[in-house]
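Below is one structure, written out as structure tokens, with a few remarks after it.
The sequence lines fix the lettering, A, B, ..., with proteins before strands; numbering per chain opens at 1. Quantities reported herein were computed from a predicted structural model and do not represent experimental measurements.
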Number of protein chains: 2
Amino acid sequence: MAATIRDVAKAAGVGVGTVSRVLNNSPFVSQPTRERVLAAMAALDYQPSPTARRLALGRTHTIGVITPFFTRPAFVGRLNGILAELTATNYDLVLFSINTPEQRDACFQNVSKFKSVDGMIIIALGVQDADATVIKHWNVPTVLLDSHHPDLPSIAIDDTGGGRLATEHLIALGHRKIAFIGDTFDSPFGFISSQRRYLGYRQALETAGFRYRPAYQRLGDHGRYVAHQLALELLELHDPPTAIFAASDTQALGVLEAAHARRLRVPEDLSVIGYDDIEIAEYLDLTTIHQPMYSSGQQAATLLFELLSGNPPEETHILLPVEVVQRGTAAPPRTAHG
Amino acid sequence: MAATIRDVAKAAGVGVGTVSRVLNNSPFVSQPTRERVLAAMAALDYQPSPTARRLALGRTHTIGVITPFFTRPAFVGRLNGILAELTATNYDLVLFSINTPEQRDACFQNVSKFKSVDGMIIIALGVQDADATVIKHWNVPTVLLDSHHPDLPSIAIDDTGGGRLATEHLIALGHRKIAFIGDTFDSPFGFISSQRRYLGYRQALETAGFRYRPAYQRLGDHGRYVAHQLALELLELHDPPTAIFAASDTQALGVLEAAHARRLRVPEDLSVIGYDDIEIAEYLDLTTIHQPMYSSGQQAATLLFELLSGNPPEETHILLPVEVVQRGTAAPPRTAHG
DNA sequence: AACAGAACTGGAACCGGTTCCATCCACGTT
DNA sequence: AACGTGGATGGAACCGGTTCCAGTTCTGTT
């Protein structure tokens, strides 16, 4: 049986309070006493119980992260940023992974998830009003990362602006026939980033005064294969686009594959722009929109700690900017005039 | 202030034991009493404290995972397998990420890491005898994933066999001049998989009766850029290799880049084989060694649960096989005879 | 010498659950 | 009517820390 604080107290001939003080480096312990206690701890191979400590303190020294599809590069990157921030503070991180719509729906209802952490970060999951109510009810500081709700602090990325940026980049290159490939809008997980990128795409087209072409928009489940198929559909159109904006790099890969399958050269015959700037994008020389994944994770963690510390910042809805990373898959169309 | 079990007991006019029985679905509660307790819980918005439960039960219902460089695809894949297994059992997962050699060294010493979980899975980190002693001393069931030590249960992957397999594949294609690019052997994290793959490479060459060419082995820190440089060195040799075996797909990407930079066609001028079969390998048509990342994670979790349940399996040192995935980057050399 | 105040210490009470023992009650037997 | 049995229940003790109050000892003043 493991030694407890009382065993140590008895062995050292002191009270439990004193042992606790030694454990917590309280200055109100005389040097001889401290040494006696430390010796007793060593002799008994005493290891304090984190669980008992948590109960007594009422704090778990742990933060939770809820993430869907934990393997997607965008989520891994964000989580990595959170982790970096956490290890600096010595907090533990408990990871909840959501892989099915059922898990998503059950997720916020599960109290013990929230009650076993001091704070929570929710990545990407769409949050409805009802969800926000439940979350606030748990009374656990929670920040949304890459998601948004008026009642909850959030670190979001300017998806609409990014969609606009990507489209404007293609327009600036001289493209007039620009297609969009993205996730379906009715994601059971409530992801809306693809939808917002689409919105930016539409805005840019409208500002440029281009007419609306429904055929140039293809939506499907997230993934390379689906995007591949959607791109093939676009390329088989009577009047195919000269450029495709994919709502994620993963989907852009599918587009590149489709172009390859159709023997189209990129960027000569088809320009492609992705979104995310995942690690492999640089290798593939993929023009894309860089979003600060690591940094957004860090900022989410920082914001959460500010909330935990009791002095929350003025602004709790942060929108991070994105930028175009010009690489080799986007160029002026061959038929461009001037 | 949140309601406690005693508040509920008072409100329902029962004893705390009865409330606890209701919480735990004990059959020894009469229906009317149960309803009264449930009503009181609802009225008080009672939420049981997981922390108190843990202290009383002496179990945390949590397992820990220590992983280095959490963003590397091989580790993410394994972690994902673990997660899948855990969500099925309702255990929580706390994630410890190791990014510096200092963290690695401090890692096993930190009791509270171990004392706050029921079981631990350690990914990839090399475990010395001294480490194993410390780990066993914590008395927390621990399984090594993609690592090995005689005193600890492990799920390992047959790296030596994989290295042999990769090399034999190149030999079978007719290659005689086969180079190796891998991680430095003195990894501060104790990674040894690259080293074992190298061992397999050497074994295969020896079995085939090829002479040992030190110049064909290049080691460096893990990563695409370094591998790129090492590959350039190889290609600049007086008598360059016709095939390169990279100890990981990430490094294989660097090799492909180098080949591209040297205007060498793959596989016509240079064959490349990687290792891991990360997601992007298929996209790049990279011939590689498939190792079951997801499944290895699942098996590690399964093994850990068997240990936790008290009836450990006979064999606690499991070695998973790997296989060649033939794709487009490995082909017979142009100068091959027959 | 008297005393205030600071430094140090012991230990009861508390955090919020679980568990186990003693008790009570209803019911069926003989 | 006496008694055995088992389901239902209350509550003290426990898990292993922290905290706070009260008490003791040690200093430094006047």
- How long is the line joining CG of B:N25 and P of C:dT18, in whole Å? 11 Å

- Query: Any donor-acceptor pair under 3.5 Å between the side chain of B:R21 and the base of D:dG10?
  - Reply: yes

- Message: Nearest whole Å is fine: how far is C:dG17 C1' from B:D7 CG?
- Response: 13 Å

- A:R53 side chain N/O closer than 4.0 Å to the phosphate oxygens (OP1, OP2) of D:dT18? yes

- Task: With heavy atoms under 4.0 Å as the rule, sort B:P50 into base, sugar-phosphate or nothing.
- Result: nothing

- Message: Classify B:G17 by what it touches in the nucleic acid, base, sugar-phosphate, or nothing, heavy-atom distance under 4.0 Å.
- Response: base

- Query: Would you say a side-chain N or O of B:T4 is under 4.0 Å from OP1 or OP2 of C:dG16?
  - Reply: no

- Below 4.0 Å: OP1/OP2 of C:dG16 and any side-chain N or O of B:S49: no

- Query: Are B:F191 and B:D146 side-chain neighbours, meaning at least one heavy-atom pair lies under 4.5 Å?
  - Reply: no

- Item | Heavy-atom donor-acceptor pair, A:R6 side-chain to D:dG17 base, under 3.5 Å | yes

- Query: With respect to the phosphate group of D:dG17, does any side-chain polar atom (N or O) of A:S20 fall under 4.0 Å of OP1 or OP2?
  - Reply: no

- Task: In whole angstrom, give the distance that lies between atom CZ of B:F28 and atom C1' of C:dC24.
- Result: 16 Å

- Query: Can you tell which of A:H149, A:R104, A:Q109 makes a side-chain hydrogen bond (donor to acceptor under 3.5 Å, both in side chains) with A:D131?
  - Reply: A:R104

- Query: What integer distance in Å separates B:H61:NE2 from C:dT18:P?
  - Reply: 13 Å

- Query: So what does B:Q31 hit on the nucleic acid, given a heavy-atom distance under 4.0 Å: a base, only sugar-phosphate, or nothing?
  - Reply: nothing

- Could you state the CG-C1' distance from B:L55 to C:dG17, rounded to the nearest angstrom? 8 Å

- Query: Is A:R72 close enough and on-axis enough to A:F69, meaning under 6.0 Å and within 45°, for cation-pi?
  - Reply: yes

- Upstream residue (5' side of DNA chain C) when A:P27 and A:L57 are each assigned their closest nucleotide: A:P27

- Note on the structure: Taken to the nearest whole Å, CD1/A:I5 to P/D:dT19 is 11 Å

- Could you tell me whether B:V19 contacts a base, only the sugar-phosphate backbone, or nothing, with contacts defined as non-hydrogen atoms closer than 4.0 Å? nothing

- Quick one: sort the B:F305 and B:Y91 rings into parallel, tilted or perpendicular, breaks at 30° and 60°. perpendicular

- Query: Do B:T4 and B:D7 come close enough that some side-chain heavy atom pair is under 4.5 Å?
  - Reply: yes

- Can a side chain N or O of B:S30 be found less than 4.0 Å away from OP1 or OP2 on D:dT9? yes

- Query: With respect to the side chain of A:V16, which nucleotide from D:dG10, C:dC15, C:dG11 is positioned closest?
  - Reply: C:dG11

- Does B:L23 or A:R34 map to a spot on DNA chain C nearer the 5' end, using the closest nucleotide for each? A:R34

